[in-house]
Amino acid sequence: MIDQNLELIQNETVVLTESGAVVQFHYENRKNHCIDYGGDVGEVSTHLHIKHRIKFWGRDNDLITYRDNMIMSSNIVGELIAAKSDLMVGLGLQAYTEVFDDQTGKKSIKYIPIPEQVDNCLRKSKFRKRFLNKAVYQYWKNANVFAEFMKAKDGSLLWIKCIDCKHVRAAEKVKGEIPGFYIAANWELPLNQKSTIGNEENPVYYLPNVSEDVDWTDPEQVKKLPDHFMMQIVDDFTVDDGYYHHPNYWGGEDWIDMANTIAPWHKANIKNGYTPRVHVKVPKDYFLNKAQYSQAITPEDQQKCISAAKSAQQKFINDLNSYLSGSDNAGRAIVTTEDFDPILKEWKGISIEKIDYAMQDEALLKLFERSNDANISAQGFHPTLAGISTQGRLSAGSEIRNLLNYFIIRALPRRRADILEVLDIMLYMNGLYDAHVKYTFEDVMIAKLDEDKTGMSNATTDVPNAQPKPDLQNDK
C-alpha cells in the first residue's frame, strides 16, 4: 500500500494530499474537555522544588488552550465574545452619585469626575491595562477571572493584575476550600511524564488564595493578608465543577467544532479538484518485473525488485494526479490498453471507472448556517451588535437600538458589579473608598440622526440596575 502524504488542516482533521480525501479523527474515550472525568489531580513542583497537587482544568489539563484554538478557528464566536466585552466596558469607568427624590423616592444618577486621588491610583497601578480590559474578556470567554494582588510595605495595594486562565491551576482543596493557585507559562505538557513543567525553563509559582469572607473594611483583617496573593474573585457561576466555572456557551462545543470543520473540508475539496471523480483499479503486482523477481537469488535482489515496483507505482499515481487534477484538466480523456490472459479468459490491466460523486454543497452550507445559528444562540447575544449579518443582512437602526438597550439592561448590571468589586477592594486597601461615590461603565447609545448628528448619545446603567449598589461594609 502506498503511503499518502498528510496535511493537517484543523485540530484532528487531515487531508490525504494524493487522493484529496478528508479524514477527521474522533476518540470515543475523550469525554469532552468541559468537565473532568477521573485522573483529574496531578502533582507538580514549584520554583522552590516543593511538590504540590493541582486540579486539572479539563480531562487532559488543556481545556483553556483547546478552547482558544476552537475560538480562533471559528468565524463568529471570537467576534461575539469581543463585542460583548467591548459593550461591557463601554466608554470606560465613570464615577457618579445617586440622588433620591424625597417625595417620589425616584433615583437619578449624577455624573461626577473621578476623584483626583482615585484617578492617580488607577493610572499609577495601570488598572485598565493590567486588570480591567483582560478581566472583562476572560469573564466572557472562560467565566473565570483570576486577580493577582501585590501589597506595598505600608499595607496599601500597589497593583492588581488579571492572569490569563490558561496559566492558572487551582490547588487541591483542603477541608473544602481552595488554599491557593499555581501559575505556569505552559500547562499543556503531561504532568505525569518528564517535562519542562516545574523546572527553571518553565517554573511554577504558588500564590495563596484569599477567602471571599475577608472583610475589606476591617483594617486588622487586611493587615494580616499576605504581601502577594490571588483571588478567584469574579466568576460566572452558572456552571461550576467545584473548582472552575464554565461559560454557558460551551454547551455548544460540538456546534463550534462542526462549523469549524466544514470550511476546511470545502477548501480541501476545491484544492484537490473535487476528487474522487474516478476509480483507478491496478492489479496487484502490476508494476513488479516478475521475470527479474523470479530470477532474484538473494533477499537483497528481491527487495530491489519490490522497491522498483513501488517507485513505478508511485510515479504512475503522481502522473495520473497531475494529468487529471485541477480545473485546467477538466474533461480530459484517458486511453489504456489491456492484456488478455488466455488461461483465466479475462482482460488484466489498469481500469478506470467513473464515480458519480455528489458534493452536497447546499446541504453542507445549510448545516454551516445552522451551526452558526446554534453558536449565536449559545452566546445569548444578537449577532447584529457584533456586526455579523443574519440572513444576508444587518438589522434596521431601530431594531439595533432596542437590542443594545436590552443587552445593557439584562446582561450587564450583575456582571459589571462582579468586575467592579475588584476596584472597591483596591479603594478600601488604599484608603480611598467613599461610600457616596460609586463607579460604573459609561454606555454609548445609538441615537436617531435627527436627534443627534453624531448618531450617539451617552447613557449609563446603575450597578446593579435600578437599585443602589451594594456596599461591601453592609454586604458581608
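The basis for the numbers below is simple: all heavy atoms, side chains too, and nothing from hydrogens, waters or symmetry mates.
Using bins of under 30°, 30° to 60° and over 60° for the plane-to-plane angle, the ring pair Tyr433/Tyr428 lands in the parallel bin. Taking the six-membered ring where the residue is Trp, Trp250 and Tyr66 present perpendicular rings, their angle passing 60° and hence far from 30°.
Two rings, from Tyr206 and Tyr182, have their centers less than 6.0 Å apart.
For Asp241 (side chain) and Tyr244 (main-chain N/O), a donor-acceptor pair under 3.5 Å exists by modelled atom type. Judged by distance alone, with hydrogens and angles left aside, the side-chain atoms of His167 form a donor-acceptor pair with the main-chain N or O of Ala184 at under 3.5 Å. With hydrogens and angles ignored, the 3.5 Å screen pairs no side-chain donor or acceptor of Ser211 with any backbone N or O of Val214. In this structure a side-chain-to-backbone donor-acceptor pair under 3.5 Å is missing from Arg67 to Asp62. For Lys84 (side chain) and Ala411 (main-chain N/O), no donor-acceptor pair under 3.5 Å exists by modelled atom type. Remark: side-chain polar atoms of Lys224 are not paired, donor with acceptor, to backbone N or O of Pro219 under 3.5 angstrom.
The structure places CG of Asn430 at 9.5 Å from CG of Leu122, a figure rounded to the nearest 0.5 Å. Atom SG of Cys121 sits about 7.0 Å away from atom CG of Leu427, to the nearest 0.5 Å. The CG atom of Leu225 sits 5.0 Å away from atom CH2 of Trp216, with the distance rounded to the nearest 0.5 Å.
Counting non-hydrogen atoms of neighbouring residues, nucleotides and ligands closer than 6.0 angstrom, the NZ atom of Lys126 reaches no more than 12 such neighbours. By the neighbour-count criterion of 12 heavy atoms within 6.0 Å, atom CD of Gln221 is densely surrounded, having more than that number from other residues, nucleotides or ligands.
Geometrically, Lys106 does not engage Phe100 in a cation-pi contact, judged by NZ or CZ lying under 6.0 Å from the ring centre and within 45° of the ring axis. Lys55 forms no cation-pi arrangement with Trp57, by the criterion of a distance under 6.0 Å to the ring centre and an angle within 45° of the ring axis.
The one candidate from Tyr243, Trp187, Phe56, Phe181 that meets the side chain to side chain contact (heavy atoms under 4.5 Å, CB included) condition with Arg169 is Trp187.
At a threshold of 4.5 Å between non-hydrogen side-chain atoms, the residues Ile54 and Glu172 do not count as touching.
Using modelled atom types and a 3.5 Å distance limit, the side chains of His436 and Glu98 yield no donor-acceptor pair. Side-chain contact, Tyr139 with Asp418: a donor N or O sits under 3.5 Å from an acceptor N or O. No side-chain donor-acceptor contact under 3.5 Å links Gln232 and Asn209.
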